[in-house]
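Quick caveat, the model's predicted, so the values are computed rather than measured.
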Amino acid sequence: MTSTLSFEVFPPNTQIGTSKLFKTLKELQQLKPDFISVTCSNNRQTIEETTLKVADYIHNQLQVPTIAHLPAAYLQKEQVAALLQQLDQSGIHQILALRGDILPEQTPKEDFVYASDLIAYIKNIAPQFHVSGACYPEIHPESANRVTDIKHLQQKVTVGCEQLITQLFFDNDLFYQFQESCYLADIKVPILAGIMPVVNRKQALRLVKTTNTKLPRKFLAILEKYEHDPVALKEAGLAYAIDQIIDLATQDVAGIHLYTMNNAEVAKHIWHHTKNVLNGQVKVG
C-alpha cells in the first residue's frame, strides 16, 4: 500500500525569511509531495498577507497541491467567506479547518466556537472545498478524556471533514491506539501522521518545555546524550524520525505529514531514506 508524503511550512515574519521560504519551496517541489500545507496565526491580516500569498505561490507557480490553514476563533462568518473567495479565485480548494489557539489577552468571536462549526460553514457555502481537520493522538489538551475527544472528531467528520492530520507525536504505539479508537467510532477518513524531526538543541528544549506530547525513553536518551553535540543530535534526530516513518509505513498508514520547520535539507534527507518505503507496492504471486 502506498502512503502519501506531504510537508508543512510556515510563513516567516520578515521579508528575508519569506525569500528563504520561497527558495525552500522550490527545493521541496523537486520531491513531488502530495501537497504542501501553509500555516497561519489567528490573525486575519496575517492570513491574507502571508498564508494566502505563500499558498498561491505553491499552487500556481510551483504547480504543487496546497492546503491553506484557516483558524477561525477570531473570525466572523463574512471574513471567512471573503477568504474562501480569495482561495477559490486562486484555484486553491483545500483547507485545514481549525479553531486555532485561544489567546489569553484576546476574547474570541462567537461564530466559530469549535473547528466543526467552521467545517460545517465551509461545506454549506463552498462545497467545492476539500476540508481537512486536526487531531491529537494523545487527546486534545482541552478534552476531558479520550471518549470526549473522539466524539468531537466524529462531529468534524459528520459535518464534512474528509481527512485528519495529527499533531506531532514521538510514540507510534499511541498513534496506533488512537487509530483504533477512530475505527471503532466509525471514523473512516484518512488519518495522516504528523512527524517532526528534532534536529537541534533549541528545538529540543522548546519541545520538552512546551509540548504535552509523550517523549519515549529512546527519544529522551537521544536528547540527553547528544544535547551538547549538534552534529550528533541532528543525525540521531533524523534517524529517529526515519525509524518512525518506516514503522508507520509498514503498518499501512494513510500518509506522513512532515513538519519541516521550513528546512528543505531535513525534508530531502528524510525523503531520500523513506521514498521507496512510502511508495512501495505489495508484491503479488
Side-chain angles (χ1 to χ4, degrees), residues 1-6 8 34-35 37 67 69-73 94-102 112-120 122-123 130-198 207 210-220 240-241 243-259 274 277-278 282:
M1 178 179 175
T2 299
S3 299
T4 64
L5 177 64
S6 54
E8 178 176 294
D34 288 274
F35 66 85
S37 73
I67 294 181
H69 291 215
L70 181 57
Q94 295 192 81
I95 291 285
L96 178 58
L98 306 161
R99 183 202 67 179
D101 295 332
I102 302 300
F112 304 105
V113 178
Y114 301 107
S116 55
D117 298 328
L118 175 61
I119 294 168
I122 294 172
K123 282 299 183 181
H130 180 281
V131 182
S132 298
C135 60
Y136 292 74
E138 299 168 69
I139 305 177
H140 190 285
E142 296 176 22
S143 288
N145 50 53
R146 169 67 73 198
V147 173
T148 301
D149 199 42
I150 292 295
K151 284 183 177 179
H152 286 148
L153 282 181
Q154 282 179 315
Q155 179 63 15
K156 286 184 182 181
V157 173
T158 297
V159 299
C161 177
E162 297 157 275
Q163 175 176 268
L164 292 169
I165 303 175
T166 79
Q167 294 295 312
L168 62 92
F169 62 90
F170 298 95
D171 187 334
N172 283 7
D173 286 340
L174 292 175
F175 173 81
Y176 298 136
Q177 293 167 19
F178 168 73
Q179 198 174 41
E180 179 67 14
S181 295
C182 288
Y183 180 81
L184 293 175
D186 203 34
I187 297 172
K188 301 294 177 62
V189 300
I191 303 175
L192 309 188
I195 301 297
M196 177 181 282
V198 175
L207 190 71
T210 64
T211 185
N212 293 319
T213 301
K214 177 185 175 183
L215 302 177
R217 179 197 57 78
K218 181 180 177 181
F219 183 81
L220 288 171
Y240 190 93
D243 184 61
Q244 269 193 282
I245 292 170
I246 291 173
D247 178 65
L248 290 161
T250 62
Q251 299 300 315
D252 293 332
V253 68
I256 300 296
H257 189 60
L258 196 67
Y259 295 107
T274 62
V277 173
L278 293 173
V282 176

Mind telling me whether H140 and Y136 have parallel, tilted or perpendicular rings, with 30° and 60° as the class edges?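 Ring orientation of Y136 relative to H140: perpendicular.
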
Distance check, rounded to the nearest 0.5 Å: [X] atom [atom1] versus [Y] atom [atom2]?
X: I256; Y: D34; atom1: CD1; atom2: CG; result: 11.5 Å
X: Q155; Y: I187; atom1: CD; atom2: CD1; result: 11.0 Å
X: I191; Y: H257; atom1: CD1; atom2: NE2; result: 14.5 Å
X: R146; Y: K151; atom1: CZ; atom2: NZ; result: 14.0 Å
X: L118; Y: K156; atom1: CG; atom2: NZ; result: 10.0 Å
X: F35; Y: E8; atom1: CZ; atom2: CD; result: 9.0 Å

With a 4.5 Å limit on heavy-atom distance, are the side chains of [X] and [Y] in contact?
X: F175; Y: I195; result: no
X: F178; Y: I150; result: yes
X: L278; Y: I245; result: yes

Compare every heavy atom of [Y] with every heavy atom of [X], then report the nearest pair and how far apart it is.
X: I67; Y: I95; answer: CG2-C, 3.6 Å
X: T213; Y: F170; answer: CG2-CD1, 3.7 Å
X: I122; Y: A97; answer: CD1-CB, 4.4 Å
X: P216; Y: Y240; answer: CG-OH, 3.5 Å
X: Q244; Y: F169; answer: NE2-O, 3.0 Å
X: G255; Y: S3; answer: CA-CB, 4.3 Å

Let me have the donor-acceptor pairs involving side chains of residues 158-166, under 3.5 Å, with sequence neighbours excluded, atom names and distances please.
{"residue": "T158", "atom": "OG1", "partner": "Q154", "partner atom": "O", "Å": "2.8"}
{"residue": "E162", "atom": "OE1", "partner": "K123", "partner atom": "NZ", "Å": "2.8"}
{"residue": "E162", "atom": "OE1", "partner": "V131", "partner atom": "N", "Å": "2.9"}
{"residue": "Q163", "atom": "NE2", "partner": "S132", "partner atom": "OG", "Å": "3.1"}
{"residue": "T166", "atom": "OG1", "partner": "G194", "partner atom": "N", "Å": "2.7"}

Contacts of type ring-ring contact (aromatic ring centres under 6.0 Å, His included), residue Y114, not counting sequence neighbours: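 Testing Y114 for ring-ring contact (aromatic ring centres under 6.0 Å, His included), a comparison that skips the adjacent residues, returns H152.
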
